[in-house]
Amino acid sequence: MTQRILTAHIGSELDVVGARQRARQIAALCGFGVQDQVRIATAVSELARNVYNYAGSGKIHFAIDGQTAPQVLSIRIEDQGPGIAQLDQILAGTYRSPTGMGLGILGAQRLMDRCHIHSTPGAGTHITLQKLFPRDAPLLDGSMIGALSGSLQALPSDITLSEVQQQNRELLATLAELKTRQDDLLQLTRELEDTNRGVVALFAELDEKADHLRRADQMKSRFLSNMSHEFRTPLSSIRALSKLLLDRIDGELSEEQEKQVLFILQSAVSLSDLVNDLLDLAKIEAGKVDVHANSFQVADLFSALRGMLRPLLVSESLTLTFIAPDPALQIHTDEGKLSQILRNFIANALKFTEAGAIVVSATSLPEQDAIRFSVSDTGLGIAADDVQLIFEEFSQVENHMQRKVKGTGLGLPLCRNLATLLNGTVAVESTPGQGSLFSVILPTSYHAPEGSLPPSAPANDNGNDQRIGVLVVEDNPPIRLLYEKFLAGSEFRVVPARSVREAQERWEQQRPAAVILDILLHGETAWHWLAELKNDPLRRQVPVIVATEIDDVRKGLALGADAYYVKPLSRQQLLATLRALIGNPHHRQEPVPPQGTTTWDNAHATG
């Protein structure tokens, strides 16, 4: 929504001075600070003088855009003059004129959040300036804007003298502020010099400690490598020889001898499990575990687990049930690691459930594009205070069954690390005396994390993707995944960014063909970044599609958005908008609008 405050005419030198005073008055009434008042007044004054010098006459319209905070002060300056023939050179900063033409335009660009210029030779020039209200400025409605218009003071009769006096006051205030800042800068420089000396000494100490840690890490890696060979080889021999004795290959054993050999075998198996778990954890922490993702049916995984784990069910009072999943349920992930997680869950349930049932199930979560794998039991249960403890290495909850079943305390921490490796999460719900429900949620399709490479991948696997890059600035992972699904199979590919800072970094790495921007990012708004993009001569031609929960279309378009959608938007809308904007980036076109609403506006934001 655009609400006009005032229209001023330019036809003389006094009108130029009056425009400056009006701009300052309006900025003050809107809640801008003294410095911003000077910036706005100066920008208007420079452009009004251009109108008077080169066109002879024109108009200035002051208006307020937006229904949500922060609102936007919009100033539209128009004339019917000869136009600006060298506009592109002026905006690029390459035009040099003996009269100084163009300096006012460049200055206004720097002083305001957005400066949009449309000039046609022989038909005049239209300039739109925008400045976002301060964060603490009140939200103005129609009646308040009307009152603001009525409160504007009449211009004094000696307007020129008054303006000179005002500019002198501003100059003195600026000089005083510069002197204060210079003193602060000198003080800060001295403090930085002292800090730098301390930082240099600290860096020397840190380098020494880092070198010590590197050596310790190398020693740990060598120890694990040696342990893998030195521990596993004798353990395998002990297990093989124990089984040889138990099979009576070299003769009969007495009952006591058989019991002792069985104890040896069980101890060797436990120690072997401990070594394997330790090595798995160490490899994951060192980043040396590769994910080998492939597509498979969940029903096939359950069938293999059923055959593998049924022999462990030795009590007639306990049942192990696999609920048959949908035959079409499929997942793309590392089957071996998912199987390892579920085996650990089921093995724990078997250990700590004396009677009842253990149920294994899989549930599709379409809204998250994920699958939840669950193992429930009717065992001992876990107190709420102990839930976090069970995911710590070598930690176990005290209970009466620990004498019967021994464990390393590494199984659940390993499950959590494996789930994280597969971009998933592990959860537990438990009630003491009633049982527990362990679950792992994994995405339906595994994607390697940003910055990592799949096994045997080339150093830059994006280099082969010739599709058009679209910068998606969105902090919500499910929404980013949704955009990836929308653009999959099209001529576009997603370049993800979770914040404005990441978006700036991605832009430097590869210039996108378009931007999809969420305004709310980690509690902050991206209005200023949108204005900055559209005020940058090198980036303003890249179309920006705003997709957000904030319903303020007029403000988004006023700040330069090429399209504005209130979430959610469909795949058809997104693709149609991208194709329309990238096909003709200099003109806004009509995409497919949302059903029953209008979120696209071809009109300029100056009402």
Side-chain angles (χ1 to χ4, degrees), residues 223-283 300-322 335-358 360 375 377-380 390 393-415 418 438:
F223 168 75
L224 289 174
S225 177
N226 291 335
M227 187 179 73
S228 173
H229 177 73
E230 300 298 335
F231 278 25
R232 280 177 167 174
T233 300
L235 283 172
S236 298
S237 299
I238 294 172
R239 293 172 65 177
L241 291 171
S242 298
K243 289 180 180 179
L244 193 67
L245 291 171
L246 291 171
D247 291 339
R248 274 66 171 185
I249 300 298
D250 291 323
E252 287 297 324
L253 298 177
S254 67
E255 185 177 340
E256 184 62 28
Q257 287 173 331
E258 182 177 5
K259 185 187 299 183
Q260 292 172 2
V261 173
L262 192 59
F263 283 151
I264 293 172
L265 177 59
Q266 290 172 347
S267 298
V269 170
S270 298
L271 187 53
S272 181
D273 289 341
L274 173 60
V275 170
N276 290 334
D277 287 347
L278 275 173
L279 289 173
D280 285 342
L281 279 171
K283 286 179 181 178
D300 293 339
L301 173 67
F302 277 16
S303 177
L305 286 172
R306 186 185 299 110
M308 187 185 309
L309 296 170
R310 274 200 185 280
L312 300 180
L313 194 63
V314 295
S315 172
E316 294 182 358
S317 60
L318 182 61
T319 61
L320 174 61
T321 304
F322 286 80
E335 184 176 4
K337 291 177 177 56
L338 173 56
S339 176
Q340 189 173 0
I341 294 171
L342 295 179
R343 287 200 311 270
N344 270 321
F345 284 170
I346 297 170
N348 268 4
L350 289 169
K351 286 178 184 178
F352 298 107
T353 306
E354 294 178 301
I358 298 170
V360 185
V375 177
D377 64 56
T378 55
L380 298 176
I390 63 176
E393 296 168 10
F394 301 105
S395 297
Q396 290 182 308
V397 179
E398 293 292 334
N399 59 72
H400 71 276
M401 292 186 68
Q402 280 192 332
R403 296 174 185 172
K404 301 179 184 178
V405 293
K406 299 293 183 181
T408 63
L410 295 175
L412 290 176
L414 180 59
C415 289
L418 287 171
F438 284 86

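Worth knowing before you read on, the calculation uses all heavy atoms, side chains too, and leaves out hydrogens, waters and symmetry mates. As the structure is a computational prediction, the values presented were derived from the model and not from experiment.
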Please name the pair of heavy atoms, one in S339 and one in L301, separated by the smallest distance, quoted to 0.1 Å. CB-CD1, 4.0 Å
Inter-residue atom distance T319.OG1 - I358.CD1, 0.5 Å rounding: 7.5 Å
For A349 against D377, the heavy-atom pair lying closest together: CB-OD2, 3.7 Å
Given side chains that start at C-beta, do those of E252 and E258 come closer than 4.5 Å, heavy atoms only? no
Rounded distance (nearest 0.5 Å) linking atom CD1 of I346 with atom OG1 of T353: 11.5 Å
For T378 against A357, the heavy-atom pair lying closest together: OG1-N, 3.1 Å
Checking side-chain contact (heavy atoms from CB on, under 4.5 Å) for the pair F438/N344: CA distance, chi angles, key distance, verdict? CA-CA 10 Å; F438 284 86; N344 270 321; over 6 Å; no
Measure the CG-CG distance between L253 and L245 for me, rounded to the nearest 0.5 Å. 6.0 Å
Evaluate the side-chain contact (heavy atoms from CB on, under 4.5 Å) criterion for residues V360 and F302: first the C-alpha distance (whole Å), next the side-chain angles of each, then the deciding distance (0.1 Å), finally the verdict. CA-CA 8 Å; V360 185; F302 277 16; 3.9 Å; yes
Answer whether the closest heavy-atom distance between the side chains of L318 and L350 falls below 4.5 Å. yes
About how many Å separate CD of Q260 and OG of S242, when rounded to the nearest 0.5 Å? 12.0 Å
CZ (R306) and CG (L320) are apart, to the nearest 0.5 Å, by 8.5 Å
